[in-house]
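First the structure, in the form of structure tokens, and then the observations on it.
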Amino acid sequence: MPDILLTPPLQRLQTQFGMPVLDETTAATSGVVLLFLPSHARTHLETPDIAAILPDLASLCAASLSQHATNGHNTPQAAPALPVSGAIATAALEARLVRETGELSLPALVLLHQGRVLGNIARMRDWSDYATRLATILAPLTPIAEPAP
């Protein structure tokens, strides 16, 4: 079986967007990480599609966190938003996360905060579904900024 990390969509994430390949969740950068589980065990038709939109999903998360942190206002009192990045899981990490989460269909995204799992989204989704699910998963991380006087 070919190494999925060598496929063009996943190589693009690594070279063009600087997304690392992680073998442990604790190796994730600070902030929020969208960890891509590309389905190492078998080729899946949705893998290239999710790889193509992963940078946009990271931007969507960052915008969601930023909007909540500023309470809709660009004020000096606004709480800083958490950094958001993407990463790709190795086959071993993918297998472990699938075991730990139970019935996770692949390919999938697992959202991490400081290396801990916040939630996951299995398979390819409509954009509005991603937006809703990401906002729900990120809700505990979105502090309400104090309104400007």
Worksheet entry | Test side-chain contact (heavy atoms from CB on, under 4.5 Å) applied to V98 and L106, step by step | CA-CA 9 Å; V98 168; L106 297 176; 3.9 Å; yes
Less than 4.5 Å apart, side chain to side chain, heavy atoms only: is that true for [X] and [Y]?
{"X": "I88", "Y": "P20", "value": "no"}
{"X": "M124", "Y": "I53", "value": "yes"}
{"X": "L65", "Y": "V32", "value": "yes"}
{"X": "R133", "Y": "D129", "value": "yes"}
{"X": "L10", "Y": "V21", "value": "no"}
{"X": "V110", "Y": "L104", "value": "yes"}
{"X": "S64", "Y": "L134", "value": "no"}
{"X": "R96", "Y": "E24", "value": "yes"}

Short side-chain to backbone donor-acceptor contact, [X] and [Y], under 3.5 Å:
{"X": "H40", "Y": "A89", "result": "yes"}
{"X": "T47", "Y": "P38", "result": "yes"}
{"X": "E94", "Y": "S39", "result": "yes"}
{"X": "Q114", "Y": "S30", "result": "no"}
{"X": "T25", "Y": "G115", "result": "yes"}

Item to complete: Decide side-chain contact (heavy atoms from CB on, under 4.5 Å) for L37 and L97; before the verdict, give the C-alpha distance in whole Å, the side-chain angles of both, and the deciding distance to 0.1 Å.
Response: CA-CA 9 Å; L37 283 57; L97 288 170; 4.1 Å; yes
Fill in: Nearest atoms (heavy-atom pairs only) where P107 meets F36
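Smallest interatomic distance, heavy atoms only, reads CB-CE1, 4.0 Å.
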Discussion item. Using every non-hydrogen atom in the two residues, find where V84 and A58 come nearest and quote the distance to one decimal.
Written reply: CG1-O, 3.4 Å
Under a 4.5 Å side-chain heavy-atom rule over Ile, Leu, Val, Met, Phe, Trp and Tyr, are [X] and [Y] clustered together?
{"X": "L93", "Y": "V117", "answer": "yes"}
{"X": "L118", "Y": "I50", "answer": "yes"}
{"X": "L82", "Y": "L35", "answer": "no"}
{"X": "Y130", "Y": "L112", "answer": "no"}
{"X": "I121", "Y": "M19", "answer": "yes"}

Worksheet item: Taking it one step at a time, do V33 and L111 satisfy side-chain contact (heavy atoms from CB on, under 4.5 Å)?
Response: CA-CA 6 Å; V33 175; L111 278 77; over 6 Å; no
Discussion item. Before you tell me yes or no, could you show the steps for L109 and L57 under side-chain contact (heavy atoms from CB on, under 4.5 Å), namely the whole-Å CA-CA distance, both residues' side-chain angles and the distance that decides it to 0.1 Å?
Written reply: CA-CA 10 Å; L109 296 173; L57 291 172; 3.6 Å; yes
Atom pair [atom1] ([X]) and [atom2] ([Y]), whose distance is rounded to the nearest 0.5 Å:
{"X": "L54", "Y": "S85", "atom1": "CG", "atom2": "OG", "result": "9.5 Å"}
{"X": "W127", "Y": "L60", "atom1": "CH2", "atom2": "CG", "result": "5.0 Å"}
{"X": "H44", "Y": "D49", "atom1": "NE2", "atom2": "CG", "result": "10.0 Å"}

